[in-house]
Undergrad: 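Got a structure for you, questions after.
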Amino acid sequence: MLRSSPEQHAELRDAVRSLCAQFPDEYHRRIDAERAYPEAFVDALTEAGWLAALIPHEYGGSGLGLAEASVIMEEINRSGGNAGACHGQMYNMGTLLRHGSEQQKQLYLPKIASGEWRLQSMGVTEPGTGTDTTKIKTTALKKGDRYVVNGQKVWISRVQHSDWMILLARTTPLAEVTKKTEGMSIFMVDLRLAEKSGLSVRPIANMVNHETNELFFENLEIPADNLIGREGQGFRYILDGLNAERTLIAAECIGDGRWFIDRVTAYVKDRVVFGRPIGQNQGVQFPIADAYIEVEAADLMRWQACALFDRHEPCGAQANMAKYLAAKASWEAANACLQFHGGFGFAHEYDVERKFRETRLYQVAPISTNMVYAYIAEHVLGLPRSY
Ligand SMILES: Cc1cc2nc3c(=O)[nH]c(=O)nc-3n(C[C@H](O)[C@H](O)[C@H](O)COP(=O)(O)OP(=O)(O)OC[C@H]3O[C@@H](n4cnc5c(N)ncnc54)[C@H](O)[C@@H]3O)c2cc1C
């Protein structure tokens with residue numbers, strides 16, 4: 001392992017690493033080739049309690065901070081795995097924890113912590129509105145003790161491997177609210193029940209082995225008790241959870257970046273062309289050194305975001321910047337890794353092309369790089385809102 005500074009959380013890293021070591025490259029490669037879900041890997045992580053890191057002790061979790069949770073995600077990706085299969089289980093429950101009633105927390109959190117229930121999915125994005133979330137068209141209309149949901153979502157991940165989903169829907173039409181961010185609410189949706197009574201799930205084949213879906217709601221009835229927090233405040237609740245999501249994904253990208261750099265460094269030391277290791281050429285060394293510097297810099301911002309989050313201080317700028325820097329750094333590391341493996345980079349058996357596809361996602365989802373720029377421009381630099 002190539003590190004410039006002592007690693008933080010060494011014991012935690014060792015424990016996660018030893019679990020991940022039971023799932024070598026061949027496992028992740030086979031799952032990718034079969035377009036399967038890494039069931040055994042996710043089960044092992046759940047049983048070991050790693051995915052319940054952020055759930056407080058009183059609800060059966062380990063009560064760790066975002067810093068420790070980020071180490072878990074980083075180590076999964078650094079081992080050659082892809083935390084995208086299960087990261088939702090780590091952070092989706094935050095919405096429930098912060099805004100759910102005590103009764104809801106008692107009902108859901110212990111079962112999520114034990115792994116009996118998976119809360120892997122969050123349904124926000126819609127085909128017609130994209131990033132412009134306040135224009136969502138999915139509605140949930142109150143009818144007695146139930147809400148009736150109609151509409152469509154797209155790119156909703158892990159629905160086939162989750163028991164519950166947090167759903168964002170409009171409860172008051174956009175035309176009737178004073179602020180466009182109001183009038184949306186969030187609900188717990190029992191997915192298996194919903195599939196029998198108004199929810200259709202259509203998987204989307206995509207570049208990565210990422211289980212993601214189109215959802216169609218036709219008069220799906222949800223008990224009113226499944227509303228989280230106050231009606232109309234759902235958008236704010238979702239925003240509250242984004243800093244944790246962005247910081248954890250930054251850590252995953254850092255894990256990817258380190259995987260690429262470790263692999264390519266070992267390869268270019270070994271591969272001899274024109275009578276010397278290719279790693280002796282500056283044209284090969286410099287892009288790798290550049291990616292290494294960028295990954296290390298992104299890591300500093302990730303720790304800053306974690307520290308602020310864990311002290312309950314505002315961290316929107318740091319979480320966004322960590323995600324931006326880490327996604328960019330891992331992508332540059334991926335490019336260097338693929339390039340200097342030459343033709344072998346394209347062979348499945350080296351795993352480089354798989355990780356290359358996986359890490360590319362984070363320039364687009366869960367938030368595109370342009371929207372991070374827009375956030376910094378508006379909220380940090382005080383420039384006029386551009387959209
Ligand atoms: C594999 C995968 C998994 C996903 N999982 C989930 C999930 O579980 N739940 C969920 O709700 N969503 C999920 N998403 C959706 C994801 O969050 C969105 O794809 C992302 O937010 C971008 O939205 P969009 O695709 O509609 O792009 P659009 O909003 O159409 O934007 C396209 C591009 O235009 C640019 N752009 C847009 N607006 C602006 C602007 N104002 N200024 C400058 N540039 C702009 C950006 O570069 C952006 O990448 C997932 C997506 C993918 C691909």
Side-chain angles (χ1 to χ4, degrees), residues 20 23-42 45 51 73-92 118 120-125 127 130-131 153-162 165 201-215 245-246 248-260 263 323-324 326-339 341 345-372:
C20 292
F23 297 88
D25 290 346
E26 296 75 26
Y27 172 82
H28 297 294
R29 197 182 307 143
R30 179 175 57 76
I31 293 287
D32 182 64
E34 293 172 0
R35 288 300 202 225
Y37 185 77
E39 204 71 65
F41 185 48
V42 175
L45 289 164
L51 301 181
M73 297 287 104
E74 178 193 337
E75 289 299 330
I76 291 172
N77 279 35
R78 190 176 174 178
S79 78
N82 180 7
C86 57
H87 55 200
Q89 183 78 351
M90 177 86 94
Y91 55 69
N92 283 341
R118 283 184 182 160
Q120 295 251 49
S121 299
M122 163 109 60
V124 175
T125 308
T131 314
K153 297 276 171 188
V154 71
W155 299 116
I156 309 308
S157 300
R158 300 167 294 271
V159 169
Q160 299 159 56
H161 294 90
S162 188
M165 170 176 72
V201 179
R202 192 185 297 161
I204 306 175
N206 63 90
M207 178 171 123
V208 194
N209 177 31
H210 190 96
E211 189 246 280
T212 189
N213 309 275
E214 276 184 286
L215 305 184
E245 180 186 60
R246 282 175 200 171
L248 290 173
I249 286 179
E252 292 170 32
C253 290
I254 288 162
D256 280 344
R258 291 182 167 156
W259 185 93
F260 287 119
R263 290 290 167 112
K323 150 76 173 59
Y324 164 84
K328 185 163 165 271
S330 71
W331 177 236
E332 283 170 11
N335 253 325
C337 190
L338 188 84
Q339 189 68 23
H341 273 77
F346 292 81
H348 290 175
E349 68 174 290
Y350 281 77
D351 300 294
V352 174
E353 61 79 35
R354 172 175 60 82
K355 295 283 284 179
F356 178 93
R357 286 183 275 116
E358 288 170 358
T359 215
R360 182 62 179 82
L361 174 65
Y362 297 119
Q363 307 266 337
V364 170
I367 182 79
S368 69
T369 301
N370 272 0
M371 296 315 285
V372 175

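Small disclaimer: the values here were computed from a predicted structure and weren't measured.
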Undergrad: Once the angle between the rings of H341 and Y350 is folded into 0 to 90°, is it parallel (under 30°), tilted (30 to 60°) or perpendicular (over 60°)?
TA: perpendicular

Undergrad: CZ of R35 to NE2 of H210: how many Å apart, nearest 0.5 Å?
TA: 11.5 Å

Undergrad: Closest heavy-atom contact between F260 and V352?
TA: CE2-O, 4.0 Å

Undergrad: Assess whether side-chain contact (heavy atoms from CB on, under 4.5 Å) is satisfied between S157 and N213, documenting all intermediate values.
TA: CA-CA 6 Å; S157 300; N213 309 275; over 6 Å; no

Undergrad: Which heavy-atom pair separates N92 from S121 by the least distance, and what is that distance?
TA: ND2-N, 3.3 Å

Undergrad: Give the C-alpha distance, both sets of side-chain angles, the deciding distance and a yes or no for salt bridge (Lys or Arg N to Asp or Glu O under 4.0 Å) between R29 and D32.
TA: CA-CA 5 Å; R29 197 182 307 143; D32 182 64; over 6 Å; no

Undergrad: For a quick test of reading the model, state the closest non-hydrogen atom pair linking S79 to D25 and the distance between them.
TA: O-OD1, 4.2 Å

Undergrad: Do Q363 and S368 come within less than 4.5 Å of each other through their side chains, counting heavy atoms only?
TA: no

Undergrad: So which heavy atom on D351 is nearest to which on W259, and how close?
TA: O-CH2, 3.6 Å

Undergrad: Carefully, step by step, assess E39 and R158 under the rule salt bridge (Lys or Arg N to Asp or Glu O under 4.0 Å).
TA: CA-CA 12 Å; E39 204 71 65; R158 300 167 294 271; over 6 Å; no

Undergrad: Indicate the atoms forming the closest heavy-atom contact of N82 with V208, along with that distance.
TA: ND2-CG1, 4.4 Å

Undergrad: Determine whether F41 and C20 make a side-chain contact, defined as any pair of heavy atoms from C-beta on separated by less than 4.5 Å.
TA: yes

Undergrad: Kindly indicate, with the supporting measurements, whether the criterion side-chain contact (heavy atoms from CB on, under 4.5 Å) is fulfilled by V154 and I204.
TA: CA-CA 9 Å; V154 71; I204 306 175; 3.9 Å; yes

Undergrad: When you measure from the side chain of R357 to the backbone N and O of M207, does any donor-acceptor pair fall under 3.5 Å?
TA: yes

Undergrad: Do other residues, nucleotides or ligands put more than 12 heavy atoms under 6.0 Å from Q339 CD?
TA: no

Undergrad: Step by step, would you call E245 with Y91 a side chain to side chain donor-acceptor pair (under 3.5 Å)?
TA: CA-CA 6 Å; E245 180 186 60; Y91 55 69; 3.2 Å; yes

Undergrad: Quick one: does P366's side chain get under 4.5 Å of K323's, heavy atoms only?
TA: yes

Undergrad: Could you walk me through whether Q89 and V42 pass the side-chain contact (heavy atoms from CB on, under 4.5 Å) check?
TA: CA-CA 10 Å; Q89 183 78 351; V42 175; over 6 Å; no

Undergrad: Check side-chain contact (heavy atoms from CB on, under 4.5 Å) between R30 and all other residues, then give those that pass, not counting sequence neighbours.
TA: Y27, E34

Undergrad: Can you tell me how far the CD atom of Q160 sits from the OH atom of Y37, to the nearest 0.5 Å?
TA: 10.5 Å

Undergrad: Please step through side chain to side chain donor-acceptor pair (under 3.5 Å) for the pair H87 and E252, ending with a clear verdict.
TA: CA-CA 9 Å; H87 55 200; E252 292 170 32; 2.9 Å; yes

Undergrad: Using the rule given for side-chain contact (heavy atoms from CB on, under 4.5 Å), can you reason through T359 versus R354, listing the C-alpha separation, both sets of side-chain angles and the distance that settles it, and then say yes or no?
TA: CA-CA 9 Å; T359 215; R354 172 175 60 82; over 6 Å; no

Undergrad: Does the plane of the ring in W331 sit parallel, tilted or perpendicular to the ring in F356? Use 30° and 60° as the thresholds.
TA: tilted

Undergrad: Once ring-ring contact (aromatic ring centres under 6.0 Å, His included) is applied, do any residues pair with Y324, and if so which ones, sequence neighbours excluded?
TA: Y373

Undergrad: Salt bridge (Lys or Arg N to Asp or Glu O under 4.0 Å) between D256 and K355: does it pass, once the steps are laid out?
TA: CA-CA 7 Å; D256 280 344; K355 295 283 284 179; 2.8 Å; yes

Undergrad: Please name the pair of heavy atoms, one in S330 and one in A327, separated by the smallest distance, quoted to 0.1 Å.
TA: OG-O, 3.3 Å

